[in-house]
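The first residue in the sequence is number 1, and the count goes up from there.
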Amino acid sequence: SNKVVFPTWRAPQRKMLSLFSLLRSNILGYILVRKTEENLCLLDGLYVREEYRNKHIASELIEEGIKASKILGAKCIDINVMKDNTLEKN
């Protein structure tokens, strides 16, 4: 596939990073990974552009977010779903 996911560190203490899914230099989606406690990371801010939804991009970003959490030293991962996000809660 043409999708590429790569990390970008977003904090001087390396406690936060962004992962992007790309197709020919266009950002399809992203997820933010934040280390909130010594052994805990939060997968936050997951977004996929509407025209690229239902193509497993969010799943790919979550998988990469889990890998990134391990790099950050997390033993637990917190994932929250917004109350109004009925598609993902089912």
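The CD1 atom of Ile31 lies 8.5 Å from the CD1 atom of Ile66; values are rounded to the nearest 0.5 Å. Expressed to the nearest 0.5 Å, how far OH of Tyr47 lies from CG of Leu61 amounts to 12.5 Å. Between Glu37 atom CD and Leu42 atom CG the span is 10.5 Å, to the nearest 0.5 Å. Atom CG of Asn26 sits about 9.0 Å away from atom CD of Glu51, to the nearest 0.5 Å. A distance of 13.5 Å separates CD of Glu60 from NZ of Lys55, quoted to the nearest 0.5 Å. For the atom pair Asp78 CG and Asp44 CG, the distance stands at 9.0 Å (nearest 0.5 Å).
The number of heavy atoms from other shown groups lying within 6.0 Å of CD (Glu50) does not exceed 12. Heavy atoms of other residues, nucleotides or ligands lying less than 6.0 angstrom from CG of Asn54 number 12 at most.
A continuous path of Ile, Leu, Val, Met, Phe, Trp and Tyr side chains, each step under 4.5 Å between heavy atoms, connects Leu72 with Ile77, placing both in one hydrophobic cluster.
Judged by distance alone, the side chain of Arg34 and the main-chain N or O of Cys41 form no donor-acceptor pair under 3.5 Å. Side chain of Arg49 to backbone of Ile27: a donor-acceptor contact under 3.5 angstrom is found. Using a distance-only test at 3.5 Å, with no hydrogens or angles considered, a donor-acceptor pair links the side chain of Lys35 to the main chain of Glu38.
Of all heavy-atom pairs spanning Gly73 and Asn39, the tightest one is O-OD1, 3.9 Å. Contact detail for Ile57 and Tyr52: the closest heavy-atom pair is CD1-O, 3.5 Å.
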One pair to check against side chain to side chain contact (heavy atoms under 4.5 Å, CB included): Ser69 and Val33. What are the steps and the verdict? CA-CA 7 Å; Ser69 295; Val33 180; 3.6 Å; yes

